[in-house]
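Here, residue 1 is the first one in the sequence, and each next residue gets the next number. Both ligands and their constituent atoms are indexed starting at 1 by order of listing. Any value given below was found using the heavy atoms of this structure, including those in side chains, with hydrogens, waters and symmetry copies removed. On a predicted model such as this, the values are computed, not experimentally measured, just so you know.
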Amino acid sequence: MLLLLLLLVPLALPTVQGWGKDGHYAVCKIAEEFLSEDALFAVNQLLPDSAQGDLASVCSWPDEIRYNYHYRWSSALHYIDTPDFKCNYQYCRDCHDSYGHKDRCVTGAIHNYTMQLRLANADASSELKYNLTEALMFLSHFVGDVHQPLHVGFTGDLGGNTITVRWYRRKTNLHHVWDNMIIESALKKFYDSDLSVMIQAIQRNISDIWLNDTSSWEHCAHNYTACPDRYASESISLACKFAYKNATPGSTLEDEYFLSRLPIVEKRLAQGGVRLAAILNRIFTAKTGIAQA
Ligand SMILES: *[C@@H]1O[C@H](CO)[C@@H](O)[C@H](O)[C@H]1NC(C)=O
Ligand SMILES: *[C@@H]1O[C@H](CO)[C@@H](O)[C@H](O)[C@H]1NC(C)=O
Ligand SMILES: *[C@@H]1O[C@H](CO)[C@@H](O)[C@H](O)[C@H]1NC(C)=O
Ligand SMILES: *[C@@H]1O[C@H](CO)[C@@H](O)[C@H](O)[C@H]1NC(C)=O
Ligand SMILES: *[C@@H]1O[C@H](CO)[C@@H](O)[C@H](O)[C@H]1NC(C)=O
């Protein structure tokens with residue numbers, strides 16, 4: 001289709017953080033393994049040229065453009081602020097931006113981009129309404145973000161962003177620890193500084209240890225295509241149990257915190273990947289719309 005040719009425009013790739021570039025890459029790389037043939041075909045049609053057929057390579061795109069003037073509206077879509085110390089999440093109460101605009105949060109965005117891709121797949125003529133390349137990149141990114149526990153954190157500390165801590169010797173904040181530092185330290189300590197080795201270790205756990213759990217990870221009640229409310233509830237619960245715990249302002253986080261939290265991070269990356277694939281597989285089930293193009 002002509003439209004698809006127009007979509008194939010290279011993207012600039014500066015570096016800004018989300019889960020962190022590595023976390024998003026891992027989630028999408030894991031998802032790639034679980035894509036059905038139909039989904040893989042549709043995804044390949046939608047990817048920009050610069051991706052060279054690799055979804056994972058564009059999964060940080062929403063972080064790269066979020067402070068760009070034309071995309072500033074997307075900034076609130078990366079997270080959810082929940083009431084301080086409540087340790088729970090409710091869509092109606094919590095999914096809004098700081099001005100109170102409803103649906104402007106990460107779960108709202110997952111619904112939005114799932115719906116856009118579904119509509120386009122069901123009815124090729126609706127393709128023109130949305131940029132589906134962007135819809136795919138946003139969806140893939142936000143499914144990653146909603147699995148980062150502190151992307152569903154407290155309002156008062158902006159998901160840990162205002163909690164200053166030391167990570168070993170380095171001064172940083174708690175949100176950044178969960179986006180980047182845990183993964184960074186794990187790469188150095190356990191994975192030869194090689195992200196693909198870490199991803200392989202997670203994939204091995206998926207097939208050896210978590211295999212029986214993956215169908216419940218993927219499952220959405222009522223046959224919904226995506227169920228981000230569930231992922232967000234898990235995240236705030238993990239944030240309270242593990243992220244905020246023993247990480248008060250000014251504390252120094254070292255081996256004890258790192259080694260006990262790393263398995264949580266690795267499991268969340270696994271769940272994000274498995275669920276992203278399940279969502280894309282459900283969106284692109286029938287060979288209609290995009291898949292026909
Ligand atoms: C769709 O979005 C991509 C990424 O922002 C952009 O490169 C492309 O030009 C857009 N396509 C159309 C038809 O606007
Ligand atoms: C839905 O997607 C469109 C297109 O990217 C965007 O303009 C709109 O702000 C999005 N809304 C939400 C709630 O994500
Ligand atoms: C794999 O699972 C084991 C057992 O639950 C856990 O200790 C380990 O950290 C996991 N590794 C990865 C890479 O997920
Ligand atoms: C996984 O499921 C199989 C078949 O239902 C069962 O035999 C096996 O014990 C389960 N493994 C674990 C680790 O729960
Ligand atoms: C979900 O879909 C399956 C297969 O299409 C169908 O058999 C089942 O009844 C549906 N369940 C609900 C709750 O709609």
Side-chain angles (χ1 to χ4, degrees), residues 1-13 23 26-27 29-30 45-51 57-66 68 70-80 91 95-97 99-120 126-143 145-146 182-183 186-187 189-192 194-213 226 228 258-274:
M1 278 208 90
L2 244 186
L3 176 71
L4 292 169
L5 294 176
L6 297 176
L7 300 177
L8 306 176
V9 171
L11 304 166
L13 295 168
V27 166
K29 208 65 195 168
I30 290 163
Q45 299 288 304
L46 292 174
L47 283 177
D49 246 1
S50 60
S57 70
V58 291
C59 284
S60 287
W61 174 80
D63 278 336
E64 286 151 14
I65 50 92
R66 74 187 275 197
N68 173 317
H70 292 290
Y71 286 98
R72 211 158 296 160
W73 55 268
S74 70
S75 204
L77 303 181
H78 290 250
Y79 58 88
I80 301 164
Y91 188 89
C95 190
H96 52 73
D97 62 17
Y99 306 103
H101 298 130
K102 268 189 70 58
D103 303 327
R104 304 207 64 78
C105 82
V106 68
T107 46
I110 290 171
H111 285 304
N112 186 31
Y113 292 110
T114 299
M115 186 265 308
Q116 290 178 18
L117 291 166
R118 263 186 71 113
L119 284 178
S126 68
E127 267 183 57
L128 293 167
K129 265 203 293 222
Y130 307 106
N131 184 326
L132 300 178
T133 297
E134 292 194 349
L136 174 66
M137 295 192 291
F138 276 130
L139 177 64
S140 302
H141 183 87
F142 293 144
V143 171
D145 274 346
V146 77
I182 295 176
I183 294 174
L187 285 171
K189 199 172 163 94
F190 299 117
Y191 300 112
D192 236 355
D194 185 342
L195 182 58
S196 64
V197 177
M198 180 173 185
I199 292 169
Q200 279 159 21
I202 296 173
Q203 283 167 332
R204 243 189 336 269
N205 264 11
I206 293 173
S207 52
D208 294 352
I209 296 182
W210 299 318
L211 194 59
N212 282 2
D213 301 332
F258 168 53
L259 295 173
S260 55
R261 273 54 170 186
L262 175 60
I264 313 292
V265 167
E266 290 176 324
K267 191 166 180 183
R268 291 307 271 169
L269 296 174
Q271 290 179 317
V274 166

| For ligand 3, which atoms have a heavy atom of W210 less than 4.0 angstrom away? | 14 (O)

| request: Measure the acute angle between the ring planes of Y113 and F142, then classify it against the limits of 30° and 60° as parallel, tilted or perpendicular. | output: tilted

| request: Locate the shortest heavy-atom distance separating A270 from I202; write the atom from each residue and the value. | output: CB-CG2, 3.7 Å

| field | Those atoms of ligand 2 less than 4.0 Å from some heavy atom in R104 | value | 9 (O), 11 (N), 12 (C), 13 (C)

| request: From the options N131, L132, V58, D49, select the one whose nearest heavy atom is closest to atom 1 (C) of ligand 1. | output: N131

| Residue and atom name of the nearest protein heavy atom (relative to atom 6 (C) of ligand 3), distance in Å to one decimal | N205 ND2, 4.1 Å

| query | Under 4.0 Å from any heavy atom of A201, which atoms of ligand 3 are there? | reply | 13 (C)

| note | Tightest non-hydrogen contact, residues M198 and E266, listed as CE-OE2, 3.7 Å

| pair L77-F138: side-chain heavy atoms closer than 4.5 Å | no

| query | Shortest non-hydrogen contact from A26 to L269? | reply | CB-CD1, 4.4 Å

| message | With a 4.5 Å cut-off on side-chain heavy atoms, are D63 and H78 touching? | response | yes

| Quick one: nearest non-hydrogen protein atom to atom 4 (C) of ligand 3, plus distance? | I209 CD1, 3.8 Å

| note | Between S74 and I65, the two heavy atoms sitting closest are OG-CD1, 4.2 Å

| task | Report, in ascending order of atom number, the atoms of ligand 3 lying under 4.0 Å from any heavy atom of Y191. | result | 13 (C)

| request: Identify, by atom number and element, the atoms of ligand 2 in contact range of A109, meaning under 4.0 Å from any of its heavy atoms. | output: 14 (O)

| said: Give me the atom names and distance for the closest heavy-atom approach of Q116 to A135. | reply: OE1-CB, 3.7 Å

| said: For Q116, state whether at least one heavy atom is located under 4.0 Å from any atom of ligand 2. | reply: yes

| request: Give the contacting part of Y130 toward ligand 2: side chain, backbone, both or neither, where contact means a heavy-atom distance below 4.0 Å. | output: neither

| Closest non-hydrogen protein atom to atom 5 (O) of ligand 2, residue and atom name please, with distance? | Y113 OH, 2.7 Å

| query | Any luck finding a side-chain donor-acceptor pair between S75 and R66 under 3.5 Å? | reply | yes

| message | Between D97 and H101 (side chain of the first, backbone of the second, donor and acceptor by atom type, cut-off under 3.5 Å), is there such a pair? | response | yes

| remark: Atoms of ligand 2 under 4.0 Å from any heavy atom of D103, numbered from 1 in the order shown, are 13 (C)

| message | Counting only nitrogen or oxygen atoms and a 3.5 angstrom limit, does N112 reach ligand 2? | response | yes

| task | With heavy atoms under 4.0 Å as the rule, classify the contact between E134 and ligand 2 as side chain, backbone, both or neither. | result | neither

| Does T133 use its side chain to pair, donor to acceptor, with the backbone of L47 at less than 3.5 Å? | no

| message | Distance under 4.0 Å to a non-hydrogen atom of W61: what atoms of ligand 1 satisfy this? | response | 5 (O)

| task | Determine whether the side chain, the backbone, both or neither of L77 has a heavy atom under 4.0 Å from any heavy atom of ligand 2. | result | side chain

| Which pair of non-hydrogen atoms, one from I182 and one from R261, has the smallest distance, and what is that distance? | CD1-CB, 4.1 Å

| Within the structure, does at least one protein heavy atom fall under 4.0 Å of atom 14 (O) of ligand 3? | yes

| Numbering as shown, the atoms of ligand 1 that approach Y71 to under 4.0 Å (heavy-atom distance) | 5 (O)

| note | atom 9 (O) of ligand 3 has as its nearest protein heavy atom E266 OE1, 3.6 Å

| said: Taking 4.0 angstrom as the limit and counting only heavy atoms of W73, give me the atoms of ligand 2 inside it, by number and element. | reply: 5 (O), 6 (C), 9 (O)

